[in-house]
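Just so it is clear, the values below take in all heavy atoms, side chains as well, and ignore hydrogens, waters and symmetry mates. Each chain gets a letter, A, B and so on, in the order its sequence line appears, and its residues count up from 1. Everything quoted here is computed from the prediction, not taken from an experiment.
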Amino acid sequence: MLEFTLLKKSGGDDALNGRARRGRIKTRHGVIETPAFMPVGTLGSVKAVSKEDLFHCGAQIILGNTYHLYLRPGCDVIRHMGGLHEFSKWSFPLLTDSGGFQFFSLAKLAKFTDEGVSFQSHIDGSRHFFSPEKAVEIQMILGSDIMMSLDWCMGYPATEKQATEALEKTVAWAKRGFDFWQEKGRPNNLFGIVQGGMFKDLRSRCAHELAGMDFPGFAIGGLSVGEPTQVMYEMADHTLPLLPENKPRYIMGVGTPENLVELAGMGCDMFDCVMPSRNARNGQLFTSFGTINIPNAKYRLDSSPIDTTCGCYTCQNYSRAYLRHLYKSRELLAYRLNTIHNLYYYLDLMAKIRHAIEQDRFLEFKKEFYEKRCID
RNA sequence: GGUGGGGUUCCCGAGUGGUCAAAGGGAUCAGACUGUAAAUCUGACGGCUCAGCCUUCGGAGGUUCAAAUCCUCCCCCCACCA
């Protein structure tokens, strides 16, 4: 059901720069060229854009969220409608997060036990319970191509004791989710998630234990939760090589364009982040020379596109002055045009990274990437 | 012409003797956002040689230790009645 082909590895011994990999993931709903960025569509929709917009931006796979879709519209609706693909009409690959992150970001509504997580809905306060098995079961109903096992995401800073507890629970739940998935005949695909806080030995331990289970892919979770960027890089650099080389490696919830370049260089194959879509709705646009805040007064009379080197629909058609006007007027079109641009930027960046790896010039690409961004 | 109401910092709008450079909105300006409780949130928003000082509440006078707030006159708006 999932086939990962490692097409090329950057040569060299430089740990930070020489481990980029170019790969291909085949799923029932299509192929994902890696390294890949996956736009986040929590509620079965990448906010503000249509599936056609996503396609034209170059999206190969998008995310959905188990917690959110379970609460609304509910599994009965999605089952009745034939699964999330059929419901949303997104016919390409889908990855669903397990809800583990929500029990971290909505922590005051969640209570962790050995059995699972009992929580209150952020929508109406109703009480619910997720076990690792149930998290997989719901994702099977959603019909995602890649399901994530239920994990315990730890914030920063966290003590070693807290991180250990979260790790142990994450591993135990991964095992239960994995067994449940095996019993069901390994439908779709299930990825395990490495936790361990900002402790290398804990990350090692977690990666080692998960690698002992035959997951089709592995993720690193619990990064970019408030730690300094350098710490995140150290954790990723430490953990990525511990995961099976012949399986996709996914860093969850990351990150900035710089983060993607750095982490792809360390051998990460998949990323997801709300940053391009959310920041677009908040007026921040990504460009090859850095980010710009479109409401800024300096763009009032600016007839140039967001980024003259960008090939997106927005940049092909509209000026900064118009986009600034739309944004400041809260016109709905602003959200769509901004989101199209940011997603295109991210997805195009990944395409460039893939191309550079293929051409054996990832390091040069990285150098140019940093040289371009200085002004705005 | 008569009666009543009102003129507050860019706009709307609180404030009716000191705790007022003046609530609250809006506009404006800037920033943040990393597995989406986010079309959200934060900060600035009279001036300056900035822990203090100066100018400001339609205008001009006055009362008072002290006035956006009280008194007098004037100017201008709004409502209703002629």
Atom CZ of A:Arg186 with >12 non-hydrogen neighbours under 6.0 angstrom: yes
Rounded distance in Å between the P positions of B:C65 and B:U49: 36 Å
Integer angstrom distance from the P of B:U16 to that of B:A68: 14 Å
Nucleotide opposite B:C20 in a Watson-Crick or G-U pair, distances under 3.5 Å: none
Nucleotide B:U36, atom P - distance to CZ of A:Arg72 in whole Å: 15 Å
Gap in Å between the two C1' atoms, one belonging to B:G18 and one to B:U63, rounded: 16 Å
A:Arg281 or A:Gly41, whichever maps to the more 5' nucleotide of RNA chain B: A:Gly41
A:Leu94 side chain near A:Thr96 side chain, heavy-atom distance below 4.5 Å: no
Pair partner, B:A14 [Watson-Crick or wobble, under 3.5 Å]: none
Gap in Å between the two C1' atoms, one belonging to B:G13 and one to B:C57, rounded: 13 Å
Between B:A39 (C1') and A:Tyr335 (OH): distance, integer Å: 4 Å
P spacing across the pair B:C20 / B:U34, given as an integer number of angstrom: 38 Å
Watson-Crick or G-U wobble mate for B:A44, both contacts under 3.5 Å: B:U28
Rounded distance [0.5 Å steps], CG in A:Leu242 versus NZ in A:Lys200: 11.0 Å
Interatomic distance at C1', B:A14 relative to B:U8, whole Å: 9 Å
A:Ser277 (side chain) and B:U36 (base): donor-acceptor pair under 3.5 Å: yes
Residues that A:Tyr318 engages under ring pair (Phe, Tyr, Trp, His ring centres under 6.0 Å), provided they are two or more places apart: A:Tyr322
Nearest-angstrom distance from the residue atom CG of A:Leu106 to C1' of B:A37: 6 Å
Pair partner, B:G4 [Watson-Crick or wobble, under 3.5 Å]: B:C78
Nucleotide-resolved protein contact map, nucleotides 27-35 of chain B, B/S/- at heavy-atom distance under 4.0 Å: SSSSSBBBB
Salt-bridge contact A:Asp151-A:Lys169 (side-chain N to carboxylate O under 4.0 Å): no
B:G31 and B:C77, which share atom name C1', separated by this distance in whole Å: 41 Å
A:Glu3 vs A:Ile25 side-chain heavy atoms within contact, under 4.5 Å: no
From CA spacing to verdict: side chain to side chain donor-acceptor pair (under 3.5 Å), A:Gln102, A:Asn65: CA-CA 9 Å; A:Gln102 277 59 46; A:Asn65 188 280; 2.9 Å; yes
Watson-Crick or G-U wobble mate for B:A67, both contacts under 3.5 Å: none
Derivation and outcome, salt bridge (charged side-chain N to carboxylate O under 4.0 Å, His left out), residues A:Lys247 and A:Asp269: CA-CA 9 Å; A:Lys247 291 181 178 177; A:Asp269 307 303; over 6 Å; no
B:U28 to B:C10 separation - C1' atoms, rounded to the nearest Å: 8 Å
